[in-house]
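Below is one structure, written out as structure tokens; the observations come after it.
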Amino acid sequence: MSELGRYIVIEGNDGTGKSTQVALLQKHYEQAGKEAVLVEEPSSDDTTRTTLVASYLRNVIKNGDLQRDAEINLALFSAARRELWHEIIQPALGRGAVVLAARNYVSTLVYQGYGEGIPLYHIREVTLQFTDSRYLEPDNTIILTLNSESERTARIAKRGALERPDTFESRDDDFQKRVNDGYLKIAREMNLPTIDCIANDDRRKTIDEIHQEILQILEQT
């Protein structure tokens, strides 16, 4: 654990259960007597996990009716990221808290990099300008993988009908494959642990099974 708090990120494609897992981790650390701060990138429906500015930017980001190129998406994500980093994450780390984040810039490396074609080095440069080196190097980043398109879409369908199409969930199968493959490539490149949400017998792992695998990884580092 870092001297100035511990920054833990749970990453993965839509439908992998990141928000559920960071909430479970928050309970775990609070039961151990630690302050645990939870955030979601680019923002969240839960106002305790975000800021007003990040929420506004998220509404633009998720609106699939607003056509825009990949660089605009990078700019929007970076602006929301700066807000969360400076207003919530960095201050919490400074007072020694455990910060639990559903997503960070790894999502942008995957979605805007492998998905939309922006060079990864450019994404890292922009992210550094909007945050700092501490943000780019969390204490732990764990990637949840779900290499089953039918399972992913079934989980997302449970969320119900949307007022407007989601910018990324509504993309075609080729885009979703680039995202899935991108997460695996990033995991190899950055030497990040991954957890497959599908068990060896092709069943969906339970929430608790994934939670226990996450705890095992965290306890080993």
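Treat the numbers as computed from the prediction; the structure is a model and nothing was measured.
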Minimum heavy-atom distance between [X] and [Y], given as atom pair plus value:
X: A70; Y: E116; value: CB-CB, 3.6 Å
X: A36; Y: Q26; value: O-NE2, 3.1 Å
X: L128; Y: S133; value: CD1-N, 3.6 Å
X: R204; Y: I198; value: CA-CD1, 4.2 Å
X: H28; Y: H211; value: CB-CE1, 4.5 Å

Backbone N/O of [Y] and side chain of [X]: donor-acceptor pair under 3.5 Å:
X: K18; Y: N13; result: yes
X: E35; Y: G96; result: no
X: Y135; Y: Y105; result: yes
X: D139; Y: Y7; result: yes

Quick one: does I123's side chain get under 4.5 Å of L74's, heavy atoms only? yes
Can you tell if the side chain of D132 reaches within under 4.5 Å of the side chain of Q90, non-hydrogen atoms only? yes
D46 side chain to S44 side chain, donor-acceptor N/O pair below 3.5 angstrom: no
Check: S19/E40 side-chain N/O donor and acceptor closer than 3.5 Å: yes
With sequence neighbours left out, the residues meeting salt bridge (Lys or Arg N to Asp or Glu O under 4.0 Å) with E209 are R203
Per-pair distances, 0.1 Å, donor-acceptor, side chain in residues 51-58, under 3.5 Å, sequence neighbours excluded:
from, atom 1, to, atom 2, distance (Å)
T51, OG1, A54, N, 3.1
T51, OG1, E83, OE2, 3.1
S55, OG, S43, OG, 3.0
S55, OG, T51, O, 3.1
R58, NH1, D45, OD1, 2.9

Partner set under ring pair (Phe, Tyr, Trp, His ring centres under 6.0 Å) for Y183, not counting sequence neighbours: none
Of D181, D174, N180, D173, the residue whose pairing with K177 passes side chain to side chain contact (heavy atoms under 4.5 Å, CB included): D181
Looking at T221, I214, V22, L218, which hits side chain to side chain contact (heavy atoms under 4.5 Å, CB included) with I8? L218
Separation between OH of Y114 and CG of L120, rounded to the nearest 0.5 Å: 5.0 Å
